[in-house]
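Position 1 is the first residue of the sequence, and the numbers go up from there.
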Amino acid sequence: MRRTLLCCALPLLVACTTTPPDASAPGPARTDHYVQVKSPAPGMNGGDGKIYVREVAVSGASAIPAARRVVLFVHGAGTPAEVSFDVPHGDFSWMAYLANAGFDVFSMDMTGYGRSTRPPAMADPCNLPKAQQAQFVPGVIPAPCAPSHPTAITTLESDWADIGAVVDHLRSLRGVDQVALIGWSQGGPRTAGYALRNPAKVSRLFVLAPAYAREMANGPPNPTATADGQMNAQSRADFVKNWDRQVGCAGQYDAATSDAIFNDMLASDPVAAKWGPGVRRSPNVTSWGFNQATAPKLQVPYAMVTGEHDKQVAPERVRTLYEDLGSSDKVLIDLACSSHNAMWEKNHLLLFKASLEWLRDGRINGTSRGQLKLGF
């Protein structure tokens, strides 16, 4: 159930009050928050934006100590957080799983994603790569066209600023010093970079398919550099094709789940849902600084998961992160029969349970340091 909100603007954040939930309604309640930011994203030109934060909560007492109860999910390069982590299908909502276990669970969309502010350049299909523009001719654009925005629309630095605004909002909202972060894919560089700069505000990290690379650049890319497309689009056919190339065992995922996820993606992007076959948009963001030079400096307890059949962030990359990471408490999970989209597949409950144990106990299957294989 989604609760209705009255939002009152305050400096840098929006404080939201909600109507009481219907006690007879089954399952966790969903509440929408919007955190106001003065955005450093190049596509925002220093303007004001709003970061969408979803809360999933279960009423009643919790056995989790308040100081360790707050969890924030951070999404990857393409799919917004509420789609990634709160799938309205079966038992695939990772957020609901943790909420039912007693955590205060939140997720956030970066600037340019989902229900957060979209920079104006994202309304122009000319800022897509030329190869992607073809599917929108002539219905949306008359012909392929040059980008109207000369630089990146958002950056890793603006992502860190968004995370910082939301973390500070949640710390104030719940009266805690630290927040646990759960990430996926590009959520690896996003959460690691934030934690390196703000270690006192992060209690633990748990990341599926962290996009780590030993040879990744140390510094940000040239802000004046141009590229073929400052954003990207994904159609339903693209989504399914990318997933199918990572299937390595029988029954790894089902089509009904895929349909529910992509339908939710279109709902999160009603503008691009009307472009051509219907797509979801996201900015192109270049990763940097999550490499062999910085990983040893990261001391926050860190659990990482690699899907056995992941072809987007290869398992070897996650294993090198485990080797390089400076955290004394660190666990690597090799999840069988799983792809980059492990949270939507047959072994998703093993993934969810591992995150629960890490956040609650600081151990997974009784270990706080080591490598585990889960699933079959």
Side-chain angles (χ1 to χ4, degrees), residues 56-58 61-74 85 94-107 163 166-167 170-171 174-185 187-210 212 290 294-307 318-336 338 342-343 347-375:
V56 178
V58 175
S62 172
I64 309 296
R68 292 194 285 111
R69 195 179 299 162
V70 182
V71 180
L72 175 63
F73 281 84
V74 176
F85 309 117
W94 196 344
M95 293 180 71
Y97 182 95
L98 291 180
N100 283 323
F103 287 94
D104 291 356
V105 186
F106 301 84
S107 67
I163 295 172
V166 174
V167 167
L170 298 182
R171 290 171 67 232
R174 288 294 188 264
V176 297
D177 294 326
Q178 295 183 314
V179 171
L181 300 178
I182 295 181
W184 174 39
S185 192
R190 285 170 171 153
T191 56
Y194 176 78
L196 280 164
R197 290 158 178 79
N198 302 273
K201 297 181 180 181
V202 180
S203 59
R204 294 187 178 278
L205 286 163
F206 185 97
V207 186
L208 168 63
Y212 176 77
F290 192 30
T294 58
K297 301 175 184 177
L298 189 58
Q299 302 294 320
V300 175
Y302 196 118
M304 63 206 79
V305 182
T306 181
V318 184
R319 294 187 185 108
T320 60
L321 172 60
Y322 179 82
E323 294 169 6
D324 296 344
L325 196 68
S327 306
S328 57
D329 289 346
K330 58 181 182 180
V331 174
L332 167 64
I333 296 171
D334 184 357
L335 190 61
S338 299
M343 67 282 200
N347 281 335
H348 65 285
L349 292 179
L350 294 176
L351 171 68
F352 296 176
K353 181 174 182 289
S355 70
L356 167 61
E357 292 181 359
W358 186 248
L359 299 181
R360 184 190 61 199
D361 308 325
R363 300 181 300 277
I364 301 172
N365 279 8
T367 185
S368 62
R369 185 181 181 95
Q371 301 185 42
L372 304 170
K373 187 173 180 66
L374 299 180

Q: For residues T191 and V207, determine if any side-chain heavy atom of one lies less than 4.5 Å from a side-chain heavy atom of the other.
A: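 Counting from C-beta outward, T191 and V207 do come under 4.5 Å.
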Q: Just wondering, do Y194 and V167 contact through their side chains at under 4.5 Å, heavy atoms?
A: yes
Q: How long is the gap from CG on D324 to CG on L298, to the nearest 0.5 Å?
A: 11.5 Å
Q: Which heavy atom in V176 sits nearest to a heavy atom in A66, and how many Å separate them?
A: CG1-O, 3.4 Å
Q: Just one of V105, V179, D104 clears the side-chain contact (heavy atoms from CB on, under 4.5 Å) bar with R69, so which one?
A: D104
Q: Within the side chain of R68, is there an N or O that forms a donor-acceptor pair under 3.5 Å with the backbone of R360?
A: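 Such a contact is found between R68 side chain and R360 backbone.
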Q: Pick one: which of L321, I333, L205, L208 meets side-chain contact (heavy atoms from CB on, under 4.5 Å) with M304?
A: L321
Q: Would you call the rings of W184 and F85 parallel, tilted or perpendicular, where under 30° means parallel and over 60° means perpendicular?
A: perpendicular
Q: Do any N or O atoms from the side chain of Q178 and from the backbone of A200 form a donor-acceptor pair under 3.5 angstrom?
A: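 Answer holds: yes.
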Q: Mind listing the closest non-hydrogen atom pair of L335 and A342 along with its distance?
A: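 So the two residues come closest at CD2-CB, 3.9 Å.
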Q: To the closest 0.5 Å, what do you measure between CZ (R369) and OH (Y322)?
A: 5.5 Å
Q: On a heavy-atom basis, which atom in A180 and which in L359 lie closest, and how many Å separate them?
A: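 Smallest heavy-atom distance, with atoms named: CB-CD2, 3.7 Å.
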Q: Considering all heavy atoms of both residues, which atom of S62 and which atom of G102 are nearest to each other, and what is their separation?
A: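 Scanning both residues, the minimum pair turns out to be OG-O, 2.7 Å.
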Q: Any non-hydrogen side-chain atom of V56 less than 4.5 Å from a side-chain atom of F73?
A: no
Q: Knowing that exactly one of V305, T306, L372 qualifies, which makes a side-chain contact (heavy atoms from CB on, under 4.5 Å) with L332?
A: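 Single pass found, and it is T306.
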Q: Do N365 and L374 have side-chain heavy atoms sitting under 4.5 Å apart?
A: yes
Q: Write down the atom of I364, the atom of E357, and the distance for their closest heavy-atom approach.
A: CA-OE1, 3.3 Å
Q: Report yes if some heavy atom in the side chain of F206 is under 4.5 Å from a heavy atom in the side chain of V331; otherwise report no.
A: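 No, side chains not in contact.
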Q: Are E323 and R319 ion-paired here, with the side-chain N under 4.0 Å from a carboxylate O?
A: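 Judged by the 4.0 Å cut-off on N to carboxylate O distance, E323 and R319 do not form a salt bridge.
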Q: CH2/W358 to CD1/I182 distance, rounded to the nearest 0.5 angstrom?
A: 12.0 Å
Q: Does any non-hydrogen side-chain atom of H348 lie less than 4.5 Å from one of W94?
A: no
Q: Distance from F106 atom CZ to M95 atom CE, nearest 0.5 Å?
A: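 Between atom CZ of F106 and atom CE of M95 there are 8.5 Å.
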Q: Looking at side-chain heavy atoms only, is the closest gap between D334 and Q371 below 4.5 Å?
A: no
Q: For K373, does the NZ atom have more than 12 heavy-atom neighbours from other residues, nucleotides or ligands under 6.0 Å away?
A: yes
Q: When rounded to the nearest 0.5 angstrom, what is the spacing between CG in D361 and OG in S368?
A: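 Answer rounded to 0.5 Å: 11.0 Å.
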Q: Measure the CD-CG distance between Q299 and L196 for me, rounded to the nearest 0.5 Å.
A: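 The CG atom of L196 is 9.0 Å from CD of Q299, to the nearest 0.5 Å.
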Q: Working note: M343 + F352, criterion side chain to side chain contact (heavy atoms under 4.5 Å, CB included); need CA distance, chi angles, decisive distance, verdict.
A: CA-CA 8 Å; M343 67 282 200; F352 296 176; 3.9 Å; yes
Q: Give a yes or no answer on whether the side chain of S338 reaches the backbone of A336 with a donor-acceptor pair at less than 3.5 Å.
A: yes
Q: Using every non-hydrogen atom in the two residues, find where A101 and L356 come nearest and quote the distance to one decimal.
A: CB-CD1, 3.6 Å
